[in-house]
Amino acid sequence: MLNILFFASLRESLGTSQESVALPTPANVGALISELRKRGDAWSSALAVDKRWRVAVNQDMSTLDTSLKEGDEVAIFPPVTGG
């Protein structure tokens with residue numbers, strides 16, 4: 001299982017802050033995002049390719065090619081702006 005955390009506007013639009021999901025096949029971030037998009041309109045819209053969001057695996061910034069393993073924590077969040 002993976003522990004998925006959703007932050008900020010993603011948490012609001014998806015209606016959840018965290019959940020546990022099965023390890024996708026192949027076991028990488030891209031496959032996980034693809035599986036989440038299949039859940040319906042809110043998911044496919046929030047995680048659309050043209051939307052800006054970031055992913056961290058075990059608190060390290062990651063790409064769609066980043067490998068996943070059982071027990072990983074995956075955080076998905078919009079980019080942070082500041083000034």
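Every heavy atom of this structure was used, including side-chain atoms; hydrogens, water molecules and symmetry mates were not. In what follows, residues are counted from 1 in the order of the sequence shown.
By the 4.5 Å heavy-atom criterion applied to side chains, Leu68 and Leu23 are counted as neighbours. Side-chain atoms of Val21 and Val74, non-hydrogen and from C-beta on, never get closer than 4.5 Å to each other.
Note on residues 14-40: pairs passing side chain to side chain donor-acceptor pair (under 3.5 Å), not counting sequence neighbours, are Glu19-Arg39, Glu35-Lys38.
The line from CG of Leu36 to CG of Leu47 is 6.0 Å long, rounded to the nearest 0.5 Å.
Residues satisfying the ring-ring contact (aromatic ring centres under 6.0 Å, His included) test with Trp53, not counting sequence neighbours, are none.
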Begin from the C-alpha positions of Ser45 and Lys51 and carry the test side chain to side chain contact (heavy atoms under 4.5 Å, CB included) through to its verdict.
-> CA-CA 8 Å; Ser45 176; Lys51 295 284 177 95; 3.8 Å; yes
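A single hydrophobic cluster is not seen to contain both Val57 and Phe77; linkage of ILVMFWY side chains at heavy-atom distances under 4.5 Å, directly or through other members, places them apart.
Here the closest heavy-atom approach between residue Leu32 and residue Pro24 is recorded as N-CG, 3.8 Å. Of all the heavy atoms in Leu2 and Lys69, the pair that sits closest is CD2-O, 3.4 Å.
A donor-acceptor pair under 3.5 Å links the side-chain atoms of Asn58 to the main chain of Glu73, judged by distance alone. Side-chain atoms of Ser62 come within 3.5 Å of backbone N or O of Asp60 as a donor-acceptor pair.
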Using residues 4-15 as the side-chain source, report each donor-acceptor pair under 3.5 Å to any protein atom, sequence neighbours left out, with the distance given to one decimal.
residue	atom	partner	partner atom	Å
Ser13	OG	Ser9	O	3.1
Ser13	OG	Leu10	O	3.4

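Between Val29 and the options Asp65, Thr66, Thr63, a side chain to side chain contact (heavy atoms under 4.5 Å, CB included) holds for only Thr66.
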